[in-house]
Amino acid sequence: MAGPVLALVGATGAVGTVMVDIMNGRKSWPWGEVRLIASPRSAGKKITVRGEELTVLALAPEVFDGVDVAMFDVPDEVSAHWAPIAAERGAVAVDNSGAFRMDDEVPLVVPEVNNDKVGARPKGIISNPNCTTLSMMASLGALHREFELKELVVASYQAASGAGQDGIDRLYAEYAAVAGKEVGNRAGDVREALAAAGLSQDDSPFPAPLALNVVPWAGSLKADGWASEELKVRNEARKILGIPDLKVSATCVRVPVVTTHSLAVHATFARPVTVEQAHAIFAAQPSIVLVDDPANGQFPTPADVVGGDPTYVGRVRQALDFPNTLDFFVCGDNLRKGAALNTYEIAETLAKTF
């Protein structure tokens, strides 16, 4: 008997391309058919999945007929319009955008943490968390199960690719503009180098130069000076972990890294927890790689993590002056685990139900 039918919407985009790579690398394969879908301008392109050359279909209502699971790797406004259409046509929509994350009738799922929520989907839609939140969820979820998380303070160090292809292109252009030049020794050096290369700040997805710099801002301005990315961390962590009153404060920073988000996590629990206990819990999680030997310079960095599926955890410390609190550092590829892989793992979970 043929397996369920899987559709990938946004197959030619940055995350969609990573998704195809993930699909090609999976050991097990539950799907009887795969449909690749994109905007009309990308229709007709050829992409190979599991050795079969597939033709990209133009996004239209009828492409969802007969589809069991439809993964959406597209902007919010596209998902907001098309995911309900896919659901109306009988598919379960697994959405990687922010369109439905805080909808009470749409579960926000991280398979390692709350896989039991996939069945509670009255709208026929399951949402994938923001890549920043997701990077720390496997570690926090595992600790929460044992020690009950009460408070969370996070500083993120987010890669340029979190702003899409425009962010990647801009960072490379800025690197080229400053390469080989003695800049950064006085205020305005970097901006002058970018201007000399014809790079206007008005055309950048970032509010300040990113090369040789860090920018304490990610997302859009919200009330009281908060950035949208910071509020996502708070609201999504509460929903995923099932702690509606969890105390959360986040500061999101953009750094000159192409891919892989990092987070410094300060987590307070209801019960005492030791570094040794945390190490044992992290080491037991199949989706976490523990790298924690600072005496020998061993800890996670984006350059070592990019391209991998797990999240990496290190620098685990008992917080000074804060009882029942751990500090640790997390790195996760924001295009793989932070987006495509988690979406696909949700789809794999659903495949078992057909």
Measure from the side-chain N and O atoms of Ser97 to the backbone N and O of Ala99, and report whether any donor-acceptor pair falls under 3.5 Å.
yes
If only atom types and distance count, is the side chain of Asp292 paired as donor or acceptor with the main-chain N or O of Val316 below 3.5 Å?
yes
Okay, side chain of Asn334, backbone of Thr260: is any donor-acceptor separation there less than 3.5 Å?
yes
Ile126 and Val92: side chain to side chain contact (heavy atoms under 4.5 Å, CB included), yes or no, with the steps?
CA-CA 8 Å; Ile126 298 171; Val92 179; 4.1 Å; yes
Minimum heavy-atom distance Thr17-Thr12, with the two atoms named:
OG1-O, 3.8 Å
With the 4.5 Å side-chain cut-off for hydrophobic clustering, are Phe147 and Val330 part of the same group?
yes
Tyr157 side-chain N/O to Val214 backbone N/O, donor-acceptor pair under 3.5 Å:
no
Using a 4.5 Å cut-off on heavy atoms from C-beta on, say whether the side chain of Leu8 contacts that of Val49.
no
Between Val63 and Val67 the two heavy atoms that sit nearest each other are O-CG2, 3.5 Å
Counting C-beta onward and ignoring hydrogens, is there a side-chain heavy-atom pair between Ser139 and Ile288 closer than 4.5 Å?
yes
Answer yes or no: is there a donor N or O on one side and an acceptor on the other, between the side chain of Arg254 and the main chain of Ala218, under 3.5 Å?
no
Is it the case that the side chain of Gln285 and the backbone of Ala138 share a donor-acceptor pair, with hydrogens and angles ignored and the cut-off at 3.5 Å?
no
With a cut-off of 6.0 Å (strictly less than), are more than 12 heavy atoms of other residues, nucleotides or ligands near CG of Asp293?
yes
Do Glu151 and Thr325 come close enough that some side-chain heavy atom pair is under 4.5 Å?
no
Flag the pair Glu229 / Trp217 as yes when at least one side-chain heavy-atom distance between them is below 4.5 Å, and no otherwise.
no
Is Arg186 salt-bridged to Glu192, cutoff N-O under 4.0 Å?
yes
Decide whether Trp82 and Ile37 are clustered together by the hydrophobic rule: side chain heavy atoms of Ile, Leu, Val, Met, Phe, Trp, Tyr closer than 4.5 Å, transitively.
yes
Between Asn114 (side chain only) and Val110 (backbone N and O only), is there a donor and an acceptor less than 3.5 Å apart?
yes
What's the shortest heavy-atom distance between Tyr344 and Pro30, and which atoms?
OH-CD, 4.2 Å
Residue pair Gly242 / Pro244: nearest heavy atoms and the distance that separates them
O-CD, 3.4 Å
If only atom types and distance count, is the side chain of Asp224 paired as donor or acceptor with the main-chain N or O of Trp226 below 3.5 Å?
no
Expected output: side-chain Arg101 to main-chain Pro107 donor-acceptor under 3.5 Å
no
Does one hydrophobic cluster hold both Leu143 and Val154, with members joined at side-chain heavy-atom distances below 4.5 Å?
yes
Is Met137 linked to Ile243 within one hydrophobic cluster, defined over Ile, Leu, Val, Met, Phe, Trp and Tyr using a side-chain heavy-atom separation of less than 4.5 Å?
yes
State whether Asp21 and Arg336 are salt-bridged, where the test is any N-O pair (Lys NZ or Arg NE/NH1/NH2 against Asp/Glu carboxylate O) under 4.0 Å.
yes
Side chains of Lys46 and Thr55, donor plus acceptor under 3.5 Å
yes
If you group Ile, Leu, Val, Met, Phe, Trp and Tyr by side-chain heavy-atom gaps below 4.5 Å, do Ile168 and Leu194 land in one group?
no
Tyr172, OH: over 12 other non-hydrogen atoms inside 6.0 angstrom:
no
Evaluate the criterion salt bridge (charged side-chain N to carboxylate O under 4.0 Å, His left out) for residue pair Lys337 and Asp309; output intermediate values, then yes/no.
CA-CA 6 Å; Lys337 180 55 180 174; Asp309 289 344; over 6 Å; no
So with a 6.0 Å cut-off around CD of Glu182, is the heavy-atom count from everything else above 12?
no
Smallest separation among heavy atoms of Val109 and Val118, with atom names:
CG1-CG1, 4.0 Å
More than 12 heavy atoms from other groups under 6.0 Å of NZ on Lys117:
no
So Arg170 and Glu174, do their side chains get closer than 4.5 Å, heavy atoms only?
yes
Please check this pair: side chain of Lys239 against backbone of Asn235, looking for a donor-acceptor N/O pair closer than 3.5 Å.
no
Would you say that Pro129 contacts Ile240 through its side chain, given a criterion of any heavy-atom pair below 4.5 Å between the two side chains?
yes
Just wondering, are more than 12 heavy atoms of other shown residues or ligands nearer than 6.0 Å to NZ in Lys247?
no
Side chains of Glu146 and Gln277 only: does a donor on one sit below 3.5 Å from an acceptor on the other?
no
Answer whether the closest heavy-atom distance between the side chains of Ile346 and Pro111 falls below 4.5 Å.
yes
To check you understand the geometry: which heavy-atom pair defines the closest contact between Ser79 and Asp95, and what is its length?
OG-OD1, 2.5 Å
For Asp327, run the side-chain hydrogen bond (donor to acceptor under 3.5 Å, both in side chains) check against Arg315, His266, Gln318 and tell me which one passes.
His266
Check against side chain to side chain contact (heavy atoms under 4.5 Å, CB included), Cys252 and Gln158:
CA-CA 7 Å; Cys252 291; Gln158 297 178 216; 3.2 Å; yes
Heavy atoms, side chains only, cut-off 4.5 Å: are Asn324 and Arg271 in contact?
no
